[in-house]
Amino acid sequence: MGINQELVNEQGITSTYQRIETVFFNYDLNQLDIRMSCYVDESYRLEEKDQLLNIQSVIDRYYQLEAIGIENMTDEEKIEFQQIDIKDLLAKRIDKKSIIIKNMSFTIPQEIRDWVYGLVMNHPEFGSGEMV
């Protein structure tokens with residue numbers, strides 16, 4: 001789910017779709033930092049997701065072939081296996097500059113930070129406040 005708000009970057013490019021990448025509780029500064037990626041529109045985020053799925057499917061295929069073992073592979077599978085550069089795939093990063101127009105970080109005021117902490121603390125996946 002994205003945040004639909006119109007933002008303009010330093011080059012004048014308008015973003016109409018944003019997604020939250022990370023949320024970081026900075027207890028030393030008593031603040032909540034949120035890192036967002038901004039896209040021209042939702043289609044750019046969908047393109048990014050497609051790229052990630054394609055990369056993951058090749059990685060999955062590599063491990064599937066590896067489990068078969070080179071001695072049990074067909075000639076076609078051996079060629080396919082040898083053509084996959086797993087190190088490159090695992091390190092592969094999407095060319096985000098072609099998709100994301102701006103990365104932003106926000107510092108949230110204390111009262112909102114307390115509200116978010118309360119939500120997380122009471123969420124069943126996180127258990128009690130001590131676990132948070």
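Start at 1 with the first residue, then count along the sequence.
- To the nearest 0.5 angstrom, M73 atom CE is 8.0 Å from E71 atom CD.
- When the side-chain hydrogen bond (donor to acceptor under 3.5 Å, both in side chains) test is applied to D60, the partners found at least two apart in sequence or on another chain are Q56.
- Atom CG of L90 is separated from atom CD1 of I55 by 10.0 Å, given to the nearest 0.5 angstrom.
- If you take CZ on R45 and OH on Y17, they are separated by 6.5 Å, rounding to the nearest 0.5 Å.
- For E76, the side-chain contact (heavy atoms from CB on, under 4.5 Å) test picks out T74, with sequence neighbours left out.
- Legend: residues meeting side-chain contact (heavy atoms from CB on, under 4.5 Å) with S57, ordered by chain and number and at least two apart, are absent.
- When the side-chain hydrogen bond (donor to acceptor under 3.5 Å, both in side chains) test is applied to D85, no partner is found at least two apart in sequence or on another chain.
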Side-chain donor/acceptor pairs under 3.5 Å, residues 62-70, sequence neighbours excluded:
| unit_1 | atom_1 | unit_2 | atom_2 | d |
| --- | --- | --- | --- | --- |
| Q64 | OE1 | R61 | NH1 | 2.6 |

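- Between the side chains of Y39 and E48, at least one donor N or O lies within less than 3.5 Å of an accepting N or O.
- Within the model, atoms CG of L52 and CD1 of I59 stand 9.5 Å from one another, a figure rounded to the nearest 0.5 Å.
- Considering only heavy atoms from C-beta on, V40 comes within 4.5 Å of I13 through its side chain.
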